Colleague: 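Can you keep this structure in mind? I'll have questions shortly.
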There are 2 protein chains.
Amino acid sequence: MAEKVTSLQVAERAGVSQSAVSRVFTPGASVSSKTADKVRKAASELGYRPNVLARAMVKGKSRIIGLVVAYLENFFYPETLEKLSNALQEQGYHVLVFMTKQTAQNIDDVMEEILDYQVDGIVMASVAMSSDIASRCQQAGVPIVLFNRSQDIDGITSVTSDNYAGGRKIAQFLVEGEHERIAYIAGWDGASTQRDREAGFRAALQEMGREIFAREEGNFQTETARAAARKMFSAAAEARPDAVFVANDHMAFAVMDVLRHELGLRVPEDVSVVGYDDVPPSSWPSYNLTTMRQRANAMVEETVDALMSHIQSPEEARPRRVAIDGPLVVRGSARVPNEQKKA
Amino acid sequence: MAEKVTSLQVAERAGVSQSAVSRVFTPGASVSSKTADKVRKAASELGYRPNVLARAMVKGKSRIIGLVVAYLENFFYPETLEKLSNALQEQGYHVLVFMTKQTAQNIDDVMEEILDYQVDGIVMASVAMSSDIASRCQQAGVPIVLFNRSQDIDGITSVTSDNYAGGRKIAQFLVEGEHERIAYIAGWDGASTQRDREAGFRAALQEMGREIFAREEGNFQTETARAAARKMFSAAAEARPDAVFVANDHMAFAVMDVLRHELGLRVPEDVSVVGYDDVPPSSWPSYNLTTMRQRANAMVEETVDALMSHIQSPEEARPRRVAIDGPLVVRGSARVPNEQKKA
DNA sequence: TTGAAAGCGCTAACAT
DNA sequence: ATGTTAGCGCTTTCAA
């Protein structure tokens, strides 16, 4: 049960002062190479490494980023978490995870906890936030970025895909594919992603002189999405949609399964399905889902960049609201305009 | 840009000493309710909360658990991470994430970093570890638990499903299902999960006077698994397997897709497929995969329990090697013995 | 019960 | 270039 090795012990063994040891481990400090050598030798003999927490205390920077996340069940998030964590690691930061339920009280509680850890920044993935809390963080000087959510709170940075544009693209694609009865299965309406996707979808439809033929709520959940699909597609052929935009891939899989395995409908022959996210299973042959890609890499890059610039120059950094455009990935789950081929 | 509120400021406002403030926020310390009230009032007016890092320094306990993880692409891990984080949060701990590549050097580096954060414990998910590093942590008094991996290092705690027993069950199930040519698609052989699953599978087969008809390497990766499936099933009907155990679900999906969509084979009529893990897509109707369930909840519970007992009583706590049994979840991807029904 | 004081392991002036 | 000193914000003796 060896004890913790401190810089003082290293100093004694190397025959230098404790601050000399500190300097050796501080990039850009002034130490002679002779001292440095002695110290490094002593340090490695003792197995010494600086205590990050102690350093954090004196510098007032923990190099910890708090990540608040509500659920990992949508496969877009694991992907994101992995990329985010990697990107942050490269900058010398690490991610401290806080799971929370999507209720105001929970979120507020969790935010307090996060702040207790003196994090240098916070990423909220798919979690809404009270403006109270927002200003509390601003006071504490801790930058927040909303990931995959945007909110109309002043001075809050958010990074999303361009959900409005995405909704528009899908509407266009479906109309060009000569669909007659275009439906929508919505996500949870508390989410800006849901609202923006639907708004873009409807707007584009309207511009083309069309409108939504049917709409059900899927709430971003498998079971609810299944129920929505059953309800929407139980009618006779002429009375049911021949195309449906499902607000995310996670629900789209559930919808496709109901269509094919419960209702005996063919996709895309009887009904076209389009999703949103482009998570891994979307490209699996069983689903082969046409979907809007959320560019996780780009979104993570923006997030890290925003965080870093706020940390490095709190005064100059301006809040930003980034909406990243992505391609519509055309696969086989939806009929396409004549000239196109499916992937 | 409000500054950090310290216990000293609270003390001044409440007209008490700084240590009185500390006591109020220390469960089980002796303070009169009069003092406590004054302090709490001042604290909430100022928005004071104790600095966890400072507390960590003096107590030598950070209430941070380091999680080392190699990839989140197997859907078993997001699930695990969510549950683990929640369970730990309930105990007042939080998870600091370290992503790493599966190479010895990387892992060692990451472990050093982790130790720098003075974590109270470490969970390694699907990551192997040198015995060097193991003893380094033991020296530092930091308990480690290997999650979903076991290693023959003395004194190391590991929590897995009972992979050997799982392999056996699958062999039995396949033989009872009257399969003639039973094949295996292996995972990465560096993983104990792969080795144990295969060992149990082979042992049971042998006891029944049978053996593996064909074997390919899938390496736990989608593309490699696809290639394995193509190679294994390109032969004529009599020369190819009529059943295959794929070492995890992630690969099993890829295999099923190749079987159905590339090779035009029916599952389970032409070939039965069984996986391992029971991740969410396994129960989706498109796959409806028969698979061994890994009981994530139980595994997480054991992990947290092991961690807590080592933290609370480092002396008494014994290393444990837990292998949690799980059920074979029978769905539609494999032919079953006559009397059974599929789910 | 309460305050004063020491100290957790480190960094950052300040002097030399 | 290097040592000395003063904290970072807190918990925990030790006296009172």
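Please read these numbers as outputs of a predicted model, since none were measured by experiment. Sequence lines set the chain letters: A, B, ... in the order given, protein chains first and strands last, and positions in each chain run from 1.
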Colleague: Can you tell me which residue among Ile65(B), Val142(B), Leu67(B) is in a side chain to side chain contact (heavy atoms under 4.5 Å, CB included) with Val119(B)?
Modeller: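 One option only clears the test, and that one is Val142(B).
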Colleague: Determine: side-chain N/O of Ser17(A) to OP1/OP2 of dG3(D), distance under 4.0 Å, yes or no.
Modeller: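 Yes, because at least one side-chain N or O of Ser17(A) sits under 4.0 Å from OP1 or OP2 of dG3(D).
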Colleague: Applying side chain to side chain contact (heavy atoms under 4.5 Å, CB included) between Thr157(A) and each of Arg318(A), His310(A), Glu302(A), Arg321(A), report the one that passes.
Modeller: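 Of the listed residues Arg318(A), His310(A), Glu302(A), Arg321(A), the side chain to side chain contact (heavy atoms under 4.5 Å, CB included) partner of Thr157(A) is His310(A).
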Colleague: Using the closest heavy atom to pick a nucleotide of DNA chain C for each, name whichever of Ala36(B) or Met57(B) lands nearer the 5' end.
Modeller: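 Taking each residue's closest nucleotide, the earlier one in sequence belongs to Ala36(B).
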Colleague: At how many degrees, to 10°, do the end axes of the helix from dT1(C)-dA16(D) to dT16(C)-dA1(D) meet when each uses five pairs?
Modeller: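 Axis-to-axis angle, ends of the helix: 40°.
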Colleague: If only atom types and distance count, is the side chain of Gln151(B) paired as donor or acceptor with the main-chain N or O of Met129(B) below 3.5 Å?
Modeller: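 Looks like yes, one N/O pair under 3.5 Å.
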Colleague: For dC8(D), does either OP1 or OP2 sit under 4.0 Å from a side-chain N or O belonging to Thr6(B)?
Modeller: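 Answer no for this pair, as no side-chain N or O of Thr6(B) is under 4.0 Å from OP1 or OP2.
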Colleague: In whole angstroms, how far is the P atom of dC8(C) from the OH atom of Tyr117(B)?
Modeller: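 Going from Tyr117(B) (OH) to dC8(C) (P), I get 23 Å.
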Colleague: Would you say the side-chain atoms of Gln18(A) and Ser7(A) include a donor-acceptor pair closer than 3.5 Å?
Modeller: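 Looking only at side-chain atoms, Ser7(A) and Gln18(A) do form a donor-acceptor pair, the distance falling under 3.5 Å.
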Colleague: Name the nucleic acid region contacted by Val21(A), choosing base, sugar-phosphate or nothing; use a 4.0 angstrom heavy-atom cut-off, strictly under.
Modeller: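 Here Val21(A) touches no strand at all.
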Colleague: Let's see if you can work this out: which of dC10(D), dT11(C), dT1(C) has an atom nearest to the side-chain heavy atoms of Val58(B)?
Modeller: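 The answer is dC10(D).
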Colleague: With nearest nucleotide decided by heavy atoms, which residue, Ser22(B) or Val31(A), maps closer to the 5′ end of DNA chain D?
Modeller: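 The residue mapped nearer the 5' terminus is Val31(A).
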Colleague: What is the distance from atom CZ of Arg63(A) to atom NE2 of His94(A), rounded to the nearest 0.5 Å?
Modeller: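 Between Arg63(A) CZ and His94(A) NE2, I get 9.0 Å after rounding to 0.5 Å.
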Colleague: Answer with base, sugar-phosphate or nothing: what part of the nucleic acid does Phe25(A) contact at a heavy-atom distance below 4.0 Å?
Modeller: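 Counting heavy atoms under 4.0 Å across all strands, no contact is made by Phe25(A).
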Colleague: Is the base of dT4(D) touched by the side chain of Ser19(A) through a donor-acceptor pair closer than 3.5 angstrom?
Modeller: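 Such a pair is found, so the answer is yes.
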Colleague: Looking across every strand, which nucleic acid part, if any, lies under 4.0 Å from Ser30(B) by heavy atom: base, sugar-phosphate, or nothing?
Modeller: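 Counting heavy atoms under 4.0 Å across all strands, the contact made by Ser30(B) includes a base.
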Colleague: Do any N or O atoms from the side chain of Ser313(A) and from the backbone of Glu315(A) form a donor-acceptor pair under 3.5 angstrom?
Modeller: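 Not at all, since once roles are kept as given, no pair shorter than 3.5 Å links the two residues.
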